[in-house]
Protein chains: 2
Amino acid sequence: MPQDFDLETFLPYLLNQAAEATSKRFQASYKAAYGMTRTQWRVLANLGKFGAMTARDICTISHIEKTKVSRAVAALQADGLLTRTPNPQDRRAEFLALTLQGSAVFHDLGQKAIEYDLALRHSLGPDLAQKLDAVLRDLIAHGGDFIEDAD
Amino acid sequence: MPQDFDLETFLPYLLNQAAEATSKRFQASYKAAYGMTRTQWRVLANLGKFGAMTARDICTISHIEKTKVSRAVAALQADGLLTRTPNPQDRRAEFLALTLQGSAVFHDLGQKAIEYDLALRHSLGPDLAQKLDAVLRDLIAHGGDFIEDAD
DNA sequence: TTGACATAGTTGCGCTTGCAACTAATAACA
DNA sequence: TGTTATTAGTTGCAAGCGCAACTATGTCAA
């Protein structure tokens, strides 16, 4: 009967703390300068990286829920950072693309993100940082696949 | 002019994804069985691990904001999982302690958490899992200390 | 004492989220 | 063709969260 559970060694807890700690600072970049949400920043970053695509594509690529994407897209459009173009082949869907202004924001924030990421990795050391990448990707891919009852 | 920012290699993003992926499944344990919030689960876990303490102590230990702690404590009390005892030395503060029922819940969830944690670590391999712990703790401690302008 | 400041904890408000239900368009197939 | 099932995207609602303001108590020092 192990009664010695310790939150401080619980992997999901540690991951959450680390994610919050590292995200918090960078959040200031897009929140203060552009009044953007994390979801908005991610949608922008995906469009900036991959070019025009539909909301559904963004969902698939980024694993963000469609509700969040929908609202983020509406907000980004309202701010003039992206445009929607109907797809004549499928009138349910719309192609999303960054405006010139949206691209400018993407380049500005992307630049800051790269610098921040480098600083973080620098503090960890190169090989550790690289291993961390692999481990995190592994957890992202398989982190929810163990316990078979739920869902 | 590096325009090649890629979200997929951005450490805060990876950490968030990994945290979400691993937390989601375990969340089912406390949400489905006890209708608890993540914050409630964390407060319960801290009280279970460290015994009676004040809300302020929980804030200090866990880095959860006092507002969240306050509301989680109220909810846990309403569910009969903890009791508040006024501190005669300082009538602003209250000692919080798990009830018998609260302890039972803590042991149940703690057990499940240990199992889940072991499964996660097993999938990573022992040495990698251990390194991950150290890296995450490092990021938690220093993850926000680089960029000096914000705040 | 009394007044200025600090601290424990709560509350109000606006915002983001998650979930389920919804609309509109398309696909599948008898 | 008509009927049903999928899919793209939106919306309503009930939370939870973050922040600032607030209450009540305690501290310090003139």
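Note that the structure is a prediction, hence the values are computed from the model and not measured. Labels below follow one simple rule: chain letters A, B, ... track the order of the sequence lines, proteins then strands, and each chain is numbered from 1. Below, each value reflects all heavy atoms present in this structure, side chains not excepted, and no hydrogens, waters or symmetry copies.
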Of A:Lys31 and A:Asp57, the one whose closest DNA chain D nucleotide lies more 5': A:Asp57

Under 3.5 Å donor-acceptor pair, B:Arg91 side-chain atoms to D:dT25 base atoms: no

C:dT16 OP1/OP2 closer than 4.0 Å to side-chain N/O of A:Thr37: yes

Length of the line joining A:Leu96:CG and D:dG9:P, which is rounded to integer Å: 7 Å

Whole-Å gap separating P (D:dT10) and CG (A:Leu76): 12 Å

Rounded distance in Å - CD (B:Glu20) to C1' (C:dT16): 13 Å

Heavy atoms from other residues, nucleotides or ligands near CD of B:Glu8 exceed 12 (cutoff 6.0 Å): yes

Closest listed nucleotide, where the reference is the side chain of B:Ala55 and the choices are D:dG9, C:dG18, C:dG9: C:dG9

Side chain of B:Arg71 (C-beta onward), nearest among D:dG12, C:dA6, D:dC17: D:dC17

Nearest to side-chain heavy atoms of A:Arg56, which nucleotide of C:dG9, D:dG9, D:dG26: D:dG9

Under-3.5 Å donor-acceptor pair between A:Arg92 side chain and D:dT7 base: yes

A:Trp41-A:Tyr34 aromatic ring centre distance below 6.0 Å: no

B:Ser23 side chain to B:Glu20 backbone, donor-acceptor under 3.5 Å: no

Between P of C:dT16 and OH of A:Tyr30, the distance in whole Å: 12 Å

Atom pair distance, as rounded to whole Å: NE2 in B:His63 and P in D:dG18: 15 Å

Interatomic distance, A:Glu65 CD vs C:dT17 C1' [rounded to whole Å]: 9 Å

Short side-chain N/O contact to C:dG9 OP1/OP2 from B:Ser70, under 4.0 Å: no

Closest nucleotide among D:dG9, D:dC13, D:dA20 to the B:Thr67 side chain: D:dA20

Plane angle bin for A:Phe10 and B:Tyr116 - parallel if under 30°, tilted between 30 and 60°, otherwise perpendicular: perpendicular

Length of the CD1-C1' vector between A:Ile64 and D:dG9, whole Å: 15 Å

DNA chain C: 5'-proximal contact among A:Asp90 and A:Arg38 (nearest heavy atom): A:Arg38

Integer-rounded Å distance: C:dT17 P and A:Arg42 CZ: 10 Å

Steps toward side-chain hydrogen bond (donor to acceptor under 3.5 Å, both in side chains) verdict (A:Thr60, A:Asp57): CA-CA 5 Å; A:Thr60 306; A:Asp57 296 331; 5.3 Å; no

Sugar-phosphate only, base, or nothing, as touched by B:Lys68 at under 4.0 Å among non-hydrogen atoms: sugar-phosphate

Under 4.0 angstrom between B:Thr54 side-chain N/O and C:dA8 OP1 or OP2: no

